[in-house]
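What follows is a short report on a single structure.
In this chain, numbering begins with 1 at the start of the sequence shown.
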Amino acid sequence: MSKKIEEDHWDDAEYWAKKDAEFAKLYPDCPKPKDIECLNLIMRREFAEQILRGEKKIELRAFSEHYFNRLVDKDVSRYIMAHEDDEVFQDYLPCVSDLRQVKKIHFHNYNNSWFLDVECPINTQRFAIKRDAEFLYEKYGSDDLLQLKRDLDAKKEQNRPCFFVFALGKVLDTNLK
């Protein structure tokens, strides 16, 4: 699958459903990443209050070793690496994800004096590039990545950081008033 085909279809659910089904037939032994029922994340109270008011719809975390070790399924990663010389597998690489899906996020401060439990309908990875930044703005109204992209553009920075992105759904529980 060429990069051009992937870009032409990146938001085409029907196309990717077909590609996913083809991949499953070709590689039925490919493991699926194990979900994370509850992810604990430290957050400043002001951001938790923005979530409560419905102003903050996504949470970004830097793509770091700390989060990588928590969010990436090692069995799936090993499977992907074991097939790095398989050209057919490489054509279906966009159909394989080693990212574990988070069901709920338990936000809290360092001393656990407050908490906020929030549903996480989807989590993914995005770069500080135009397409990803515009997607997050259009889908969630978040301009965090757009602002970072503008700052990097102004500095003519070629290397663009990657982030783990968590969509924030309904509030499940909190002791914040």
Side-chain angles (χ1 to χ4, degrees), residues 1-41 56-106 117-146 148-149 152 157-170 172:
M1 174 179 340
S2 75
K3 190 84 164 155
K4 175 74 174 134
I5 291 171
E6 183 180 332
E7 288 174 359
D8 287 347
H9 295 283
W10 78 278
D11 62 350
D12 183 344
E14 187 176 313
Y15 173 84
W16 289 110
K18 180 182 173 199
K19 296 305 283 184
D20 287 346
E22 290 171 8
F23 176 79
K25 285 182 184 174
L26 290 169
Y27 298 93
D29 61 332
C30 183
K32 303 268 188 261
K34 295 166 190 69
D35 290 344
I36 297 172
E37 289 303 317
C38 183
L39 180 66
N40 288 294
L41 294 178
K56 185 172 178 60
K57 308 269 190 209
I58 64 168
E59 176 65 12
L60 299 176
R61 295 293 165 121
F63 191 94
S64 66
E65 184 177 357
H66 172 76
Y67 289 112
F68 179 87
N69 288 334
R70 293 171 75 187
L71 295 168
V72 172
D73 189 300
K74 308 308 182 275
D75 292 335
V76 180
S77 292
R78 281 191 285 278
Y79 189 90
I80 292 169
M81 287 187 284
H83 289 83
E84 67 185 352
D85 294 329
D86 179 340
E87 288 182 32
V88 174
F89 185 87
Q90 293 304 309
D91 284 345
Y92 286 92
L93 200 52
C95 299
V96 185
S97 176
D98 54 5
L99 183 63
R100 299 172 66 195
Q101 291 301 297
V102 174
K103 301 296 183 188
K104 175 176 84 170
I105 302 174
H106 178 77
D117 292 342
V118 180
E119 173 186 63
C120 181
I122 190 165
N123 57 288
T124 187
Q125 300 165 21
R126 296 283 184 218
F127 288 89
I129 59 174
K130 181 179 179 181
R131 181 182 75 186
D132 290 355
E134 288 177 352
F135 171 79
L136 293 178
Y137 181 73
E138 291 168 11
K139 179 93 173 158
Y140 300 103
S142 172
D143 65 352
D144 294 344
L145 212 53
L146 267 177
L148 176 59
K149 181 207 166 300
L152 293 169
E157 179 62 51
Q158 295 299 311
N159 295 325
R160 299 304 167 114
C162 183
F163 293 89
F164 289 106
V165 179
F166 303 92
L168 304 175
K170 67 181 177 180
L172 303 171

Exercise for the section: Quick one: pull up CG in Leu145 and CD1 in Ile58 and give me the separation to the nearest 0.5 Å. Expected result: 7.0 Å
Handout entry: Salt bridge Lys34-Asp75, side-chain N to carboxylate O under 4.0 Å
Key = yes
Handout entry: Within 6.0 angstrom of Tyr67 OH, more than 12 heavy atoms from elsewhere
Key = yes
Exercise for the section: State, to 0.1 Å, how close Leu39 and Leu71 come at their nearest heavy-atom pair, and which atoms those are. Expected result: CD2-CD2, 4.0 Å
Fill in the blank from the handout: Separation between CG (Asp144) and NZ (Lys56), nearest 0.5 Å, reads 5.5 Å
Completion exercise
Minimal heavy-atom distance between Glu84 and Gln90, with the atoms involved, is CA-NE2, 3.3 Å
Handout entry: Among Pro94, Cys30, Pro28, side-chain contact (heavy atoms from CB on, under 4.5 Å) partner for Phe23
Key = Cys30
Exercise for the section: Using the six-membered ring wherever Trp is involved, compare the ring planes of Phe63 and Phe164 and label them parallel, tilted or perpendicular (cut-offs 30° and 60°). Expected result: parallel
Completion exercise
Correct closest heavy-atom pair for Leu172 and Val118 would be CD1-C, 4.0 Å
Handout entry: Salt-bridge contact Glu22-Lys19 (side-chain N to carboxylate O under 4.0 Å)
Key = yes
Fill in the blank from the handout: Residues Thr124 and Leu99: closest non-hydrogen pair is CA-CD2, 3.5 Å
Handout entry: Side-chain donor-acceptor pair present, Tyr79, Asp29, cut-off under 3.5 Å
Key = yes
Practice task
Please check if the side chain of Lys74 supplies one atom and the backbone of Asn69 the other of a donor-acceptor pair under 3.5 Å.
Solution key: yes
Practice task
Would you give the length of the straight line joining atom CZ of Phe127 to atom CG of Asn159, rounded to the nearest 0.5 angstrom?
Solution key: 11.0 Å
